[in-house]
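Convention: sequence-line order gives letters A, B, ...; per-chain numbering from 1.
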There are 2 protein chains.
Amino acid sequence: MATLSDVARRAGVSPATASRVINGSSKPVTDDLRERVLAAVAELQYVPNAHAQLLARSHRSAVGVIVHDVSDPYFAEITRGLQRVATDQGRLLMICNSYRDPDRELEYVELLRGHQVAALILAGSGYHDEAFTRQLNEKLAAYEATGGRVAVIGRHEHSGDAVMPDNRTGGYLAGRELCGLGHRAIGVVAGPRILTTTTDRLAGLRQALTEQGRELPESRIRYAEFDRDGGAEATARLLDVDPELTAIVALNDSMAIGALATLRARGLAVPQQISVLGFDDMPIARDVTPALTTVRLPLVDMGVRAMSLVLGVGAPTPRVEVLPAELVRRDTAGPVPRSTRATAGSAPRARRGDSTS
Amino acid sequence: MATLSDVARRAGVSPATASRVINGSSKPVTDDLRERVLAAVAELQYVPNAHAQLLARSHRSAVGVIVHDVSDPYFAEITRGLQRVATDQGRLLMICNSYRDPDRELEYVELLRGHQVAALILAGSGYHDEAFTRQLNEKLAAYEATGGRVAVIGRHEHSGDAVMPDNRTGGYLAGRELCGLGHRAIGVVAGPRILTTTTDRLAGLRQALTEQGRELPESRIRYAEFDRDGGAEATARLLDVDPELTAIVALNDSMAIGALATLRARGLAVPQQISVLGFDDMPIARDVTPALTTVRLPLVDMGVRAMSLVLGVGAPTPRVEVLPAELVRRDTAGPVPRSTRATAGSAPRARRGDSTS
DNA sequence: TACCGCAGAGAAAGCCCTTTCCCGCAGGGA
DNA sequence: TCCCTGCGGGAAAGGGCTTTCTCTGCGGTA
C-alpha cells in the first residue's frame with residue numbers, strides 16, 4: 001500500500017503538506033503544490049490508512065450500536081432511525097449483533113470502546129439478571145467516565161439516557177381490545193421470560209384483563225424464542241392444552257406470524273374462530289393475510305430519538321423519553337365466536353383452503 | 001482513557017511486558033508480574049486502543065462487505081452466510097449499505113480499503129453503466145494489487161472471484177411454469193432496468209415464453225423499485241392497462257408481496273383469478289397468504305461460498321461458482337382461469353373477504 | 001535602506017501499541 | 001573457576017498519520 005510519504009516524495013513536498021492537501025486543511029497551500037499532490041494521489045491510488053488517521057487525530061467520531069439482530073425487522077427499523085440522524089451529522093455507525101447473548105453484549109461494549117466510538121447505543125430488551133446488569137452498568141459507567149455518551153433503547157436497567165417504548169401500556173391496549181371483543185379464553189405466546197420486554201408487555205396485558213374481571217393464569221402463557229418459529233411452536237403447545245382458546249396475543253409480530261402459520265395449518269379461521277394480536281407493527285404486518293392487528297411502536301422514531309440524545313449536548317441529568325404505543329386495528333382480531341369450536345367448521349368465510357403449507 | 005503505559009506504570013513493569021500479558025504473547029512472563037499487570041488492567045478498566053493495535057500489527061484481519069441494504073431479507077440471508085464463515089475463522093465483518101447508489105459503493109470501497117480489510121465482498125446486482133463499472137474495476141484492481149482479495153456475489157462485471165446465482169435459469173423456470181399452467185397474458189413487475197439482476201431474470205423469462213411460442217412485449221413489463229411498494233405500484237399500473245392479465249411475475253419476493261397487496265385491494269383472487277410468482281424465496285414467502293410460489297435462490301449458501309473463496313487459499317485464476325435456482329411451488333400460481341375475468345367472481349375459493357385492507 | 005510581519009513550507013513531536021533486539025543473570029557443563 | 005546457554009525483562013524502533021512549532025523569504029512600511 002502506498003503511504004503518505006510515498007505521495008509526498010512523488011510530489012516533491014513534505015508529508016505535512018501532502019496531508020494538508022488531502023484533508024483540505026485550513027492552512028493554505030499554493031495551487032502548484034496542491035496539484036502535484038493530487039496528481040501523486042491519483043497515480044498511486046493512494047488511500048489513507050484509517051487506523052493511522054484515527055490514531056493521530058484522537059478524534060472520536062463513530063458511534064457504536066449494539067442490537068440483538070439487525071436483520072430482525074424490529075431492529076432494522078430502529079437502525080434506520082439511528083442511521084438517519086448519524087448520516088446527517090456525518091457519523092459512521094458500527095453495528096454489532098449480540099444475538100441476545102449477554103456475554104457477547106459485554107464483549108461488544110469493550111470492542112466498541114476500544115474503537116474509540118464517541119457514543120454507544122444499546123437497543124433491545126434488558127435481562128432479568130442481576131449479575132449481568134451490574135456488570136454491564138460497570139462497563140458503561142467506565143466508558144462514560146472517559147467522556148463517552150450512552151443511550152439505551154427499550155431497557156430500563158441502565159441509568160443513562162434512555163428511549164423507552166411504552167411496552168406496558170401496549171400490553172394493556174391489547175388486553176382491553178380483546179376484552180372489548182368479548183374474549184375470555186386468551187392465550188399468550190410470549191418471548192423468553194428473562195427479557196424485560198416480555199414481562200413488561202405481559203404485565204400490561206394482565207392488568208387489562210384483571211380490570212375486566214378476567215384472569216391470565218400461567219397455564220395460558222407459553223414462553224419461546226422471540227421469532228417466527230418460536231411463535232408457531234408456542235401456539236401449537238397452547239392449543240394442544242387449551243383447544244377452546246378464542247384469542248392469542250403474541251408478544252411480537254414475528255411470533256404472531258408464526259402463530260398464524262400454525263392456525264392455518266390446523267384449519268382454524270382467523271379471526272372467525274380465533275383472534276390474533278401482534279406487537280410492534282413491523283412493516284410486514286400489513287402484508288400477511290389477514291392483515292395483522294397489532295400494537296404499534298414508533299420504531300424508526302425510537303432510533304431517531306436515541307441518536308439525537310447521544311449526539312446532542314449533554315444534559316446535566318440523564319433523560320428518559322417514553323414513546324407511546326398505539327393499537328392498530330386490522331383483520332386478525334374479531335368478536336368472540338358465538339358458538340363453541342364444535343360448530344366453527346361452518347363459520348362464514350372459513351378458509352381451510354389456505355392450509356396447504 | 002487509560003493507556004498501556006498507565007497500566008505498565010501502575011504494575012511497575014515495562015509497556016512491553018504489559019502488552020505481552022494482555023495479548024497472551026508466547027513469550028513467557030513470570031506469574032508475579034502477570035498478576036500485577038492483570039490487576040492494573042482491572043483497576044484502570046483498561047481497554048486497548050483498537051486503532052493503535054491495528055496500526056502496530058500491520059495485520060489484516062477484518063473483511064469488508066458492501067451490500068445494497070442488510071435489512072432487506074435478500075441481503076440479510078446472504079450476510080448470515082458470510083457471518084457464519086467469518087465467525088468460524090475469527091474474522092470481524094465490516095458491513096456497509098450502499099442503498100443501490102453506485103457512488104456510495106465506490107466510496108465504500110475506498111473506506112474499507114482504508115480500514116485495511118483483508119478482503120472485500122460486494123453483494124447485489126451490478127449496473128448497466130459502463131463508466132461506473134470501469135471505475136469500480138479500477139478501484140478493485142488497485143486493491144487487489146496490494147494483496148487484497150475480492151469476491152462479488154451476483155454481479156458479473158468484475159473479473160475476480162464470483163458467486164453467481166443463476167438468475168437467468170430462474171427466470172426461465174418461472175416462465176416455463178406459467179406456460180405449463182396455460183397462461184398467455186403474463187405481466188412482469190420488474191426491478192430497475194439498470195440492474196443486471198433485472199435484465200438477467202427477464203432474459204430467462206423471455207426465453208421460456210419464446211420457446212413456447214408466446215411473447216413478452218415491453219408493454220407488459222413495468223419497472224419500479226425492487227421493494228414492496230415498487231411491486232404494489234407496478235402491479236397497479238400493469239392492471240390499469242391490461243386488466244385481462246392472468247399471471248404476474250415479480251422479479252423478487254418483496255415486489256411479489258406488494259403485488260399481492262394490490263391484487264387483494266382490487267378484490268382479485270390469487271391464484272383463482274390471477275397467478276403470482278416471486279423470486280428469491282426469502283423466509284417470509286411461506287408466511288404470506290396464499291404462500292408464495294417463487295424461484296428459490298440458495299442465499300445463505302451464496303454468502304458461505306463467497307466468504308470461503310475469499311478467505312481460502314488464493315487460486316491462480318479467479319473462480320466463478322454458479323449456484324442453481326429452483327422453483328418452489330406453493331399457492332400463488334394456479335392454472336389459467338377457464339373463463340374470462342367476467343365470470344371469475346364465481347371461482348371456487350374466491351377470497352374477496354380478505355380484501356379488507 | 002532597514003526592519004517588521006506574515007504567508008507558505010518543512011521538521012519533528014506525538015497518538016498508542018507491538019515486536020524485535022539486546023542485556024543481565026542464573027545455572028550447568030567442562 | 002570460567003564460559004556458554006537460555007530465560008525473563010526492558011529499551012527502542014517502528015506503524016502511518018496529524019499538527020504544532022519553527023524557519024525562510026518576501027512584501028510593505030517607516
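Annotation: of the two residues near DNA chain D, B:V29 and B:H51, the 5′-most nearest-nucleotide partner is B:V29.
One distance of note links CD of A:Q45 with OG1 of B:T146; it measures 10.0 Å at 0.5 Å rounding.
Residues A:L4 and A:S19 form a side-chain contact, since some pair of their non-hydrogen atoms from C-beta on lies under 4.5 Å apart. Between B:V29 and B:T17 there is a side-chain heavy-atom pair separated by less than 4.5 Å. At a threshold of 4.5 Å between non-hydrogen side-chain atoms, the residues B:M164 and B:H156 count as touching. Taking the side chain as every heavy atom from C-beta outward, B:Q116 and B:L55 never approach each other to under 4.5 Å. Between B:Y74 and B:L299, some side-chain heavy-atom pair lies under the 4.5 Å cut-off. Counting heavy atoms from C-beta outward, A:R155 and A:Y127 have side chains that approach closer than 4.5 Å.
Between chain A and DNA chain D, the heavy-atom contact criterion of under 4.0 Å yields a 5' to 3' nucleotide range of D:dG16 to D:dC21.
With hydrogens and angles disregarded, no donor-acceptor distance shorter than 3.5 Å links the side chain of A:N97 to the backbone of A:Y99. For the pair B:R91 (side chain) and B:S61 (backbone), a donor-acceptor distance under 3.5 Å is present.
As a whole-Å value, the separation of B:M1 CE from C:dC16 P is 9 Å. Summarising the geometry, the separation between CG on A:N49 and P on C:dC17 is reported as 16 Å, rounded to the nearest angstrom. Atom CG of A:L33 and atom P of C:dG10 are 7 Å apart (whole Å). Remark: P of C:dC15 and CG of B:L4 are 14 Å apart, rounded to the nearest angstrom. One can place CD1 of B:I22 at 7 Å from P of C:dT18, the figure rounded to the nearest angstrom.
Between B:D32 and B:R36, at least one side-chain nitrogen of the basic residue sits less than 4.0 Å from a carboxylate oxygen of the acidic one, meeting the salt-bridge criterion.
Checked options B:I153, B:I121, B:T87; the residue passing with B:M307 is B:I121 (criterion: side chain to side chain contact (heavy atoms under 4.5 Å, CB included)).
Using five terminal pairs a side, the axes of the helix from C:dT1-D:dA30 to C:dA30-D:dT1 at its two ends make an angle of 60°, given in steps of 10 degrees.
At C:dC16, none of the side-chain N or O atoms of B:Q53 fall inside 4.0 Å of OP1 or OP2 (strictly under the cut-off).
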Protein-to-nucleotide contact annotation, 5' to 3' order, nucleotides 19-24 of chain C [B base; S sugar-phosphate only; - none; under 4.0 Å, heavy atom]: BBB---
